[in-house]
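All remarks here apply to the structure that follows.
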Amino acid sequence: MKALFLLLTLIFAPYARDGVSLNGEWSAIVDQYDKGMNKKLFTDAVPSGKTDFVEFSYEGGLKLQVPGDWNHQDPGLWWYEGTIWYARHFQASSRPGPSRILYFAGVSHRCEVFLNGVLVMEHEGAFTPFQADVTSILKDGDNFLAVRVNNNRRKEAIPAMSFDWWNYGGITRDVMLLEVPQVHVKEAFLRLKKGTTDTLLADITLAEPLEGVAVTVSIPELKLEKSFFTDASGKVSGEIRVKRLKLWSPQAPKLYDVTITALADKVTERIGFRDIGVDGTSILVNGNPVFLKCISFHEEIPMERRRACTAEDARMLVDAAVELGCNAIRLAHYPQNEFIVRYAEEKGLLIWEEIPLWQGIDFSNEETYRKAETYLYEMIARDRNRCAIGFWSISNETRPAPDRDAFLSRLLAYGRSLDSSRLFASAFDVAYYIPEADEFRMNDGFAGQLDVVGINKYMGWYAPWPKSAAELRWNVFTDKPLIISEFGCEAKAGVFGNGDTASSWSEDYQASLYRDNLRMFENIPNLAGVSPWVLYDFLSPYRQHPVNQAFFNRKGVLSDKGEKKKAWYVMNDYYSKR
Ligand code: GCU
C-alpha cells in the first residue's frame, strides 16, 4: 500500500504552528510475528454479537508514553527488536477551512501511520520528522490513530546491521496535529547572503502554486518589513537589505523574531544570521577564525537509560557541553531532536549535524542511496534555518572503495544542491601512522571533496603509540581544515591508579591518554578543532565487559551518573586556555 497523503516536503516551523499535541499515554500491542496487518490492528476492533472474538486487542493492554522509546518503559522491551503497534483515540473538529497536518518529529526506525483505518503515511529514518495532510480523513469528534513501529536492523537501512548505540524503538519524539490555513508557508529558508553583512536571502514556497500572492517577511527589532509576490509555482526568492543586523556568533548568539505572512498564514520563528566558510585551513565564522572546542554526545539520558526527548533533557546535555568550555557540539551520529538544536543555538554552540550513515552501509544498493538522500533532505529541510548549524556531515567511518566513493560523491553533490550556505564534512577512521614516512597519512578517494575533514583516531586505545606523542607528525589533507572528530578511551568512574595501563580502565589512564593526544594534536598543522569522544558514558549492545562496561561505552568524560572523570578536567583546562 502506498501512503497517499504523505507530504514530501517538511512544513516550515511546525512548533510555531497552531495545533494539538498527541503526546501522552498510548495503547500498544507487541507484534513480534508481525500479524498486526492481517489482524487489522489499524482499526480498533471490538467483539460484536455472541460468536465474535478479538484476540489482538488494545483494550486493557500495554500502555506506552509518547514521546519515548519503548525499551526503558517495560523490562520486557529493553532488548526488543521488532514491531509494536501504538494506538490512541483523539477528538477533533473537521470544520471546513484549515488544513490539518499530522506531524511526527521522529519514529524509530520505520512506521506506517493509519488514521481512521486509512494508511496516511509511511516513513523510514529514526531521526527526522515527517507529516501528512489528513484534512480529508479527519472526522468530527472521535478519531482513531494507529502506528505500526518497527526497529529491526536491516542491511539496506541507514544505519545498517550494527551501530555503537542502543537500538531504541518507538515513537521517540513529539506527535502533533497542526492546523494551518489551506494556503500556508510550506517551506522557508532565510540566511545571510554570502560575502555581505547587510543582505538576507529568502526562499519561501507556499503550499499551493498560486501566482501573485504577497509574502511578507518582517523583523520588528530591525524595523524591517519587505513583501514579495509569488511566481506561478507559489515561490518567492529574493533579497532583503537590512540595517544594523547583529550577526550570530558563539560569543554573541543573536536571534531575531522573524515573521512570515502570506494571506491568512502568519508564522514566527527565531532565526539568527551568520556566515560560515573556510579560508585555507581555517574555519571562519563571520570572517573570524574559530577553533572548534567541541564535544560529541548521543541523544540519550544515561542515568535513566532512555532516549532524550524533552526540552529539559536538551538543557541537561547542552549545559554539560557549555560547562566543559565548548563552543561547538557534534550531534552523534544522527539529527537530534529540535529541542537540543534550538537550545544549543541559543547558547552559542556551533553544531556539526550528521545523518547516521555509520560504518557498514550497503553502498552498492540504489535503494540505500535513496534512503541516504531522503535522510539528508529531511535533516537539511528541518534545520536549515538554525544558523548554529555550521556543518552537515554525511558519513562516519566508511571505508574507501569504488562504490562508497561514488555513493558519497553523489550524496555530497545532492547536499550542496540543497544548501550552499554551510560546510560539508564527514568523519573518517582511516588516517594511519606510516612508519616509513614517520607521519600520519590518509589515502581516501572521496574525502578531498569535502570542505572539512573529520578524523576519528584512538591513539593509546585502539592503536598503541608508535612513539611519544610529541614526536608524531601529521600530513592529512593539509590544504583544508582538519577536525579531530573523535579521540579518547574508556574509563570506569571511580577506578584510579595504573595511569600507564590501558586495561586498567582507570580514570588516570584516560586522563593521561587525553594529555598525550592533546600534545600530539599540537603537531597537526591544519588542526581547526577537536571533539573528544564522548560527553557521557552511553548505552550500547557492543559493550559487553561485565564489570567495566555492563553495556555502557565508558568513553565519557562524564559517567552515566554525571560524575566528572579526571579527563573532564584535562579537557576543561585545555578549552579554557584555547
Ligand atoms: C567510533 C564510532 C563511535 C564509537 C566509537 C567507539 O569511532 O564513530 O560511534 O562509539 O568509535 O569505539 O567508542
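Ligands are counted one by one from 1 in listed order, and the atoms in each one are counted from 1 as well.
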Quick one: which ligand 1 atoms are inside 4.0 Å of a heavy atom on [X]?
{"X": "Glu397", "result": "1 (C), 2 (C), 7 (O), 8 (O)"}
{"X": "Tyr458", "result": "5 (C), 7 (O), 11 (O)"}
{"X": "His333", "result": "3 (C), 8 (O), 9 (O)"}
{"X": "Asn396", "result": "2 (C), 8 (O)"}
{"X": "Lys555", "result": "6 (C), 12 (O), 13 (O)"}
{"X": "Asn456", "result": "7 (O), 8 (O)"}
{"X": "Phe538", "result": "10 (O)"}

Exercise. What protein heavy atom sits nearest atom 4 (C) of ligand 1, and how far off is it?
Worked result: Asp164 OD2, 3.2 Å
Exercise. Nearest protein heavy atom to atom 8 (O) of ligand 1, by residue and atom, and its distance?
Worked result: Glu486 OE2, 2.7 Å
Problem set entry | Pair Glu300 + Arg305, salt bridge at N-O below 4.0 Å | no
Exercise. Salt bridge between Arg422 and Asp419, side-chain N to carboxylate O under 4.0 Å?
Worked result: yes
Exercise. Among the heavy atoms of Arg543, does any lie under 4.0 Å from an atom of ligand 1?
Worked result: yes
Exercise. Of all the heavy atoms in Asn553, does at least one lie under 4.0 Å from an atom in ligand 1?
Worked result: yes
Exercise. What about Trp505 and Trp461, are their ring centers closer than 6.0 Å?
Worked result: yes
Exercise. So, do Trp352 and Trp392 have ring centers that fall under 6.0 Å from each other?
Worked result: no
For this session: Kindly say whether Lys566 contributes a backbone atom to a donor-acceptor pair with the side chain of Glu507 at under 3.5 angstrom?
Result: yes
For this session: Using modelled atom types only, decide if a donor and an acceptor are shared between the side chain of Tyr575 and the backbone of Cys294 within a distance under 3.5 Å.
Result: yes
Problem set entry | Of Asn71, Asp313, Asp69, Thr172, the residue whose pairing with Arg306 passes side chain to side chain donor-acceptor pair (under 3.5 Å) | Asp313
For this session: Going by heavy-atom distance to atom 12 (O) of ligand 1, choose the closest among Tyr462, Phe487, Phe428.
Result: Tyr462
Problem set entry | Evaluation steps, side-chain hydrogen bond (donor to acceptor under 3.5 Å, both in side chains), between Asn553 and Asp164 | CA-CA 8 Å; Asn553 181 316; Asp164 191 15; 3.1 Å; yes
Exercise. For ligand 1, does Trp358 get within less than 4.0 Å through its side chain, its backbone, both, or neither, judged by non-hydrogen atoms?
Worked result: side chain
For this session: Quick one: closest heavy-atom pair of Met459 and Trp465, and the distance?
Result: CB-CH2, 3.6 Å
